[in-house]
Amino acid sequence: MADVFAVLQRSMSAVAAAQPPPHVVALPFTREVERFLKWIVADLPHDDLAGRLKRRQYVMDRLKLEFSKDAARLATEFATDGAGDRMDAPTAGEWIRHNCKTTRSVAYDCINVGEQLFRLQKCADAVDTGAIGFAHVSVIARTASALAESAPESAFPEDELLRRAKDSSAGRLWHYCMRLRHALDPEGVARDQRIAVEERRLQFSVWEDGSLLISGQLDPVGGAALRTALEPLAQPTGFGDDRCLERRQADAVVELATHALDTGQVPQLASQRPHLQVTTSLETLQGLPGSPAADLEFSTPVATATVQRLACDANIARVVFGPDSVVVDVGRAARVVSGATRRALNARDQHCQWPRCERTASFSAAHHLVHWIKGGATDLSNLTLLCHRHHWMVHEGGWNLVRSDDGRLLAISPVYDYYHARAPDTIPIA
């Protein structure tokens, strides 16, 4: 492998030397690059994917290292020679991001590597020989930069980090470097973590269809707390759960928020427990043709199926309007499933009754097999526990729950699976 690296180095040097001046059309250089890309793996069989990938990654690492040197030189020109006005960019990183077609994090990471190479010559040599990758140098350079600012008096242990880099992935090396930073500069690490907490943010943007786009940033400890809370809720649940990880995590966030509201764990606002507030007409609740969509606070109007799901187990308050929307009567709020009935239901079912779903009763809703708006009784014979995901599947998802003659609960899939038609399936629940 060392011989191959030496040949590659000579070839790369030859290609660089043959590069035309900036004013010359780039077509000849493009052809040289094409020939070089083919030559890199020309002696390897087409099915030797492992060898081809390693060769190409080595070349990429070498190029990134050279790129970082020039990026650092550009940053120096921006800092000392007024290159910002000449090149019409606020910083070298922003110029690289736009003109080299990369991301901000990659641009500034390369600048940092280039600036730290004067103290990381052994690491640079290790990249040249293929002993470590550019990702390792990036981690070590960030550590060197942080210690140079907060603990300049400490000797930087390049030899130790290089030894670690040769024996570990870049991810494991990062963890070791964090522990090393704390050993050499505990105050600096604590300061960085305080800054990370102050930089927490969460932004909501509502799309035209009412969907909520969430973007934000959490500090390492806050992020770990959120992931720890979501982890058990984001596991596959029940029969046929083919949701991807991203979908399961999104569902877990909704379930966590719903559980906090259902159990009253959110602090009161204006002497009232926070809750989802739906304003609907009786016709909408009944699903009569021509009825308007219901109003959901902090959201767009919602369909009858959603209203009926939320009303399965909720406080219902009657408001009667006269002409010109004048309030004539406001009835007392009445809970559909009483506390005693809910306790008995929890004791009987213990968990969500969907096939192979074991979401606990506290994370499940009381579902009416025949909805109370259609005359279904609010008693144990007409109630079952469904977790929030499977409760949604029954109402908005189009699944049907029915009891067979032998008392088993059956789940019948919808004819249409949202986007693709399919024949209905029948799944025994209990």
[X] side chain near [Y] side chain, heavy-atom distance below 4.5 Å:
| X | Y | result |
| --- | --- | --- |
| P301 | L296 | no |
| L37 | V59 | no |
| R200 | D219 | yes |
| V337 | L345 | no |
| W372 | N382 | no |
| D295 | T280 | no |
| L74 | M87 | yes |
| P157 | L180 | yes |

Reported [atom1]-to-[atom2] distance for the pair [X] and [Y], which is rounded to 0.5 angstrom:
| X | Y | atom1 | atom2 | answer |
| --- | --- | --- | --- | --- |
| R164 | L173 | CZ | CG | 9.0 Å |
| H136 | C177 | NE2 | SG | 10.0 Å |
| I132 | D167 | CD1 | CG | 11.5 Å |

*How would you list all residue pairs meeting salt bridge (Lys or Arg N to Asp or Glu O under 4.0 Å) that involve residues 369-391, not counting sequence neighbours?*
D241-R389

_Checking V113 against F67 for the side chain to side chain contact (heavy atoms under 4.5 Å, CB included) test, could you report, in this order, the C-alpha distance in whole Å, the side-chain angles of both residues, the deciding distance, and whether it holds?_
CA-CA 10 Å; V113 170; F67 184 92; over 6 Å; no

_In this structure, is the centre-to-centre distance between the rings of W354 and W399 below 6.0 Å?_
yes

If you measure only the distance, is there a donor-acceptor pair under 3.5 Å linking the side chains of [X] and [Y]?
| X | Y | answer |
| --- | --- | --- |
| S138 | R142 | yes |
| T384 | Q353 | no |
| Y58 | R62 | yes |
| N346 | Q350 | no |

Near [X] [atom1], under 6.0 Å, is it more than 12 heavy atoms from other residues, nucleotides or ligands?
| X | atom1 | value |
| --- | --- | --- |
| R348 | CZ | yes |
| D81 | CG | yes |
| F298 | CZ | no |
| D405 | CG | no |
| E187 | CD | no |

*Under the side chain to side chain contact (heavy atoms under 4.5 Å, CB included) rule, what do T143 and W174 come out as? Steps first, then yes or no, please.*
CA-CA 9 Å; T143 305; W174 180 85; over 6 Å; no

[X] and [Y]: which non-hydrogen atoms are nearest, and at how many Å?
| X | Y | value |
| --- | --- | --- |
| H368 | A377 | CD2-O, 3.7 Å |
| T300 | G210 | CG2-CA, 3.4 Å |
| L369 | S381 | CD1-O, 4.2 Å |
| A366 | C312 | O-CB, 3.5 Å |

_Intermediate values then yes/no, side chain to side chain contact (heavy atoms under 4.5 Å, CB included), S68 and F134_ = CA-CA 10 Å; S68 296; F134 182 83; 3.3 Å; yes

*Could you check T360 against F363 for side chain to side chain contact (heavy atoms under 4.5 Å, CB included), going step by step and ending with a plain yes or no?*
CA-CA 5 Å; T360 60; F363 275 84; 3.7 Å; yes

*Pair R73 + D70, salt bridge at N-O below 4.0 Å*: yes

*Of all residues at least two apart in sequence or in a different chain, which pass the ring pair (Phe, Tyr, Trp, His ring centres under 6.0 Å) check with H367?*
H391, H395

_Donor-acceptor contact below 3.5 Å, side chain H388 vs main chain T258_ = no

*Looking at residues at least two apart in the chain, or sitting in another chain, which of them share a salt bridge (Lys or Arg N to Asp or Glu O under 4.0 Å) with R163?*
E160

*Per the side chain to side chain contact (heavy atoms under 4.5 Å, CB included) rule, which among E255, R247, R248 passes with D251?*
R247

